[in-house]
**Student:** 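Below are the structure tokens for one structure; questions will follow.
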Amino acid sequence: MSDNEPLPHAWHIEDREYRRQEERRGRRFAYTSLDPARTALVVVDMVPFFVEANPYCRGIVPNVRRLAGRLRTAGGTVAWVLPGRTERTRVGDEFHGPEAAEMFRNAGGSGPLSDRLWHGFTVGADDVLVEKTAPSAFFPGHCPLPERLEARGIDTVLITGTVTNVCCESSARDASTLGYRVVMLADANATGRDQDHNATLHTVYRSFGDVRPTAEVLALIDGGAF
């Protein structure tokens with residue numbers, strides 16, 4: 001396989017973590033059903049800056065599309081979250097280095113939000129499009145997403161996008177803190193290495209929400225319960 005072909009992550013959660021949750025609450029997953037009308041698919045940072053450079057990001061595009069299409073049809077919300085351009089700061093320059101800091105400040109591109117998404121996606125008429133100016137899409141004051149979801153009565157968020165262990169994990173943690181039912185998609189998040197991806201899945205499953213593959217979440221959207 002060439003470096004340019006899309007790749008799936010070899011995702012994994014250890015059996016001992018599944019057993020730990022089963023012993024604590026009597027079942028493997030916290031959320032065994034969902035109401036599509038109260039559910040949002042949150043797609044984080046799927047813009048050319050990230051997707052072009054990472055075959056794992058390109059590998060999740062089909063699953064994100066499947067989830068978006070199925071949830072829309074079922075009456076749910078699809079929310080596209082893009083990186084917003086932030087102000088230059090001394091701390092940012094100090095931490096990243098001036099050149100890298102400037103690169104990250106402009107990662108989201110410019111122009112209409114729908115035009116800045118990866119070309120493999122289509123934005124629906126009722127979809128939510130927002131920018132964030134922090135790693136998390138749910139950090140107060142840095143993204144309007146929580147207010148937009150509250151207005152739609154959303155109580156469950158399906159976290160997808162890139163990168164797993166930075167903006168996606170930050171969003172999952174903050175969404176949990178705000179009281180959302182969080183489900184992270186094991187095969188619809190992407191980062192640069194399997195070990196980093198799996199470390200985040202472990203952390204989220206242990207403390208912040210469920211971790212499920214796309215096929216299981218599609219079944220939940222269709223009204224299954226397991």
Side-chain angles (χ1 to χ4, degrees), residues 8-44 56 59-60 62-79 81 136-139 145-146 149-150 152-191 194-226:
H9 274 299
W11 72 272
H12 177 71
I13 292 177
E14 295 181 22
D15 286 340
R16 67 184 179 89
E17 286 305 318
Y18 287 133
R19 290 196 301 270
R20 177 177 177 272
Q21 293 290 23
E22 289 165 351
E23 289 169 1
R24 289 174 63 184
R25 64 189 175 210
R27 59 189 185 277
R28 176 164 294 193
F29 299 110
Y31 313 121
T32 56
S33 64
L34 59 82
D35 177 356
R38 303 195 68 189
T39 300
L41 177 71
V42 178
V43 186
V44 178
Y56 290 113
I60 68 171
N63 281 344
V64 174
R65 281 202 304 251
R66 290 169 66 203
L67 289 158
R70 192 74 62 84
L71 187 58
R72 280 194 206 99
T73 298
T77 293
V78 178
V81 183
S136 169
F138 292 88
F139 194 85
L145 183 62
L149 298 185
E150 182 179 4
R152 297 186 179 208
I154 300 298
D155 67 6
T156 303
V157 291
L158 313 175
I159 303 293
T160 65
T162 194
V163 295
T164 310
N165 52 320
V166 184
C167 293
C168 299
E169 181 175 345
S170 297
S171 297
R173 286 170 175 255
D174 286 344
S176 175
T177 299
L178 292 176
Y180 289 96
R181 303 162 84 234
V182 173
V183 181
M184 192 163 212
L185 276 293
D187 54 359
N189 283 270
T191 188
D194 286 340
Q195 55 263 51
D196 299 328
H197 182 76
N198 288 331
T200 286
L201 299 188
H202 169 93
T203 297
V204 171
Y205 179 74
R206 184 179 180 89
S207 300
F208 299 104
D210 280 336
V211 174
R212 298 261 203 155
T214 295
E216 291 183 7
V217 173
L218 290 173
L220 290 173
I221 293 170
D222 290 342
F226 57 90

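Counting begins at 1 with the first residue of the sequence. Every value quoted in this text rests on a predicted model; they were computed, and no experiment measured them.
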**Student:** State whether the side chain of Thr162 and the backbone N or O of Val44 hold a donor-acceptor pair below 3.5 Å, judged by distance alone.
**Tutor:** no
**Student:** Could you please spell out the steps behind the side-chain contact (heavy atoms from CB on, under 4.5 Å) verdict for Leu218 and Arg66?
**Tutor:** CA-CA 8 Å; Leu218 290 173; Arg66 290 169 66 203; 3.2 Å; yes
**Student:** Under 3.5 Å, side chain of Glu169 to main-chain N/O of His197, donor-acceptor pair present?
**Tutor:** no
**Student:** Return yes when atom CD of Glu22 has more than 12 non-hydrogen atoms of other residues, nucleotides or ligands closer than 6.0 Å, and no otherwise.
**Tutor:** yes
**Student:** Under the criterion side chain to side chain donor-acceptor pair (under 3.5 Å), I'd like the reasoning laid out for Ser136 against Asp174: C-alpha separation, chi angles, the key distance, then a yes or no.
**Tutor:** CA-CA 7 Å; Ser136 169; Asp174 286 344; 2.8 Å; yes
**Student:** When you measure from the side chain of Asp194 to the backbone of Ala10, do you find a donor-acceptor pair of N or O atoms at a distance under 3.5 Å?
**Tutor:** yes
**Student:** Quick check against the 3.5 Å criterion: does Arg38 have a side-chain atom that pairs as donor or acceptor with the backbone of Gly153?
**Tutor:** yes
**Student:** State the CZ-OH distance between Arg27 and Tyr18, to the nearest 0.5 angstrom.
**Tutor:** 15.5 Å
**Student:** Could you check whether any side-chain heavy atom of Trp11 comes within less than 4.5 Å of a side-chain heavy atom of Pro213, counting everything from C-beta outward?
**Tutor:** yes
**Student:** I want to check something: taking the side chain as every heavy atom from C-beta on, are Leu158 and Leu185 in contact at a cut-off of under 4.5 Å?
**Tutor:** yes
**Student:** For side-chain contact (heavy atoms from CB on, under 4.5 Å), just list the numbers for Leu67 and Thr214, CA-CA rounded to whole Å, side-chain angles, deciding distance to a tenth of an Å, and then say yes or no.
**Tutor:** CA-CA 7 Å; Leu67 289 158; Thr214 295; 3.9 Å; yes
**Student:** Please answer whether the main-chain N or O of Thr156 pairs with a side-chain N or O of Thr39 as donor and acceptor at a distance below 3.5 Å.
**Tutor:** no
**Student:** Could you check if a side-chain atom of Val183 sits within less than 4.5 angstrom of a side-chain atom of Ile159, using non-hydrogen atoms only?
**Tutor:** no
**Student:** Please report the C-alpha distance between Val42 and Thr160 in whole Å, then the side-chain angles of each, then the deciding distance to 0.1 Å, and finally whether the side-chain contact (heavy atoms from CB on, under 4.5 Å) criterion is met.
**Tutor:** CA-CA 6 Å; Val42 178; Thr160 65; 6.0 Å; no
**Student:** Examine distances only and state if a side-chain atom of Arg70 and a backbone atom of Thr73 form a donor-acceptor pair shorter than 3.5 Å.
**Tutor:** no
**Student:** Ser176 side chain to Ala172 main-chain N or O, any donor-acceptor pair under 3.5 Å?
**Tutor:** no
**Student:** Using a 4.5 Å cut-off on heavy atoms from C-beta on, say whether the side chain of Val166 contacts that of Cys168.
**Tutor:** no
**Student:** Distance-only, no hydrogens or angles: does the Arg152 side chain make a donor-acceptor pair with backbone N or O of Ile154 under 3.5 Å?
**Tutor:** no
**Student:** Would you mind reporting whether Val81 and Val43 have side-chain heavy atoms less than 4.5 Å apart?
**Tutor:** no
**Student:** Can you check whether Arg28 reaches Gln21 side chain to side chain, under 4.5 Å on heavy atoms?
**Tutor:** no
**Student:** Could you work out, with ring-ring contact (aromatic ring centres under 6.0 Å, His included) as the rule, every residue matching Phe139, not counting sequence neighbours?
**Tutor:** His142
**Student:** May I ask you to test the Phe208-Val182 pair for a side-chain heavy-atom distance under 4.5 Å?
**Tutor:** no
**Student:** So how far is it from Leu71 CG to Ile221 CD1, rounded to the nearest 0.5 Å?
**Tutor:** 4.5 Å
**Student:** Looking only at atom types and distance, does a side-chain atom of Asn198 sit under 3.5 Å from a main-chain N or O of His12, one as donor and one as acceptor?
**Tutor:** yes
**Student:** Fit a plane to each ring of Tyr56 and His9, take the angle between them on a 0 to 90° scale, and name the class: parallel (under 30°), tilted (30 to 60°) or perpendicular (over 60°).
**Tutor:** parallel
**Student:** Return yes if some donor-acceptor pair links the side-chain N/O of Asn63 with the main-chain N/O of Asp187 below 3.5 Å, else return no.
**Tutor:** yes
**Student:** Take Glu17 and Arg206 through the side-chain contact (heavy atoms from CB on, under 4.5 Å) test and state the conclusion after the steps.
**Tutor:** CA-CA 7 Å; Glu17 286 305 318; Arg206 184 179 180 89; 3.0 Å; yes
**Student:** Are side-chain N/O atoms of Asn189 and Thr164 paired as donor and acceptor at under 3.5 Å?
**Tutor:** no
**Student:** Run the salt bridge (charged side-chain N to carboxylate O under 4.0 Å, His left out) test on Arg19 and Glu23 for me, step by step, so that the C-alpha distance in whole Å, both residues' side-chain angles and the decisive distance to 0.1 Å come before the verdict.
**Tutor:** CA-CA 6 Å; Arg19 290 196 301 270; Glu23 289 169 1; 5.4 Å; no
**Student:** Working to the nearest 0.5 Å, report the span between OG1 of Thr203 and CE of Met184.
**Tutor:** 9.5 Å
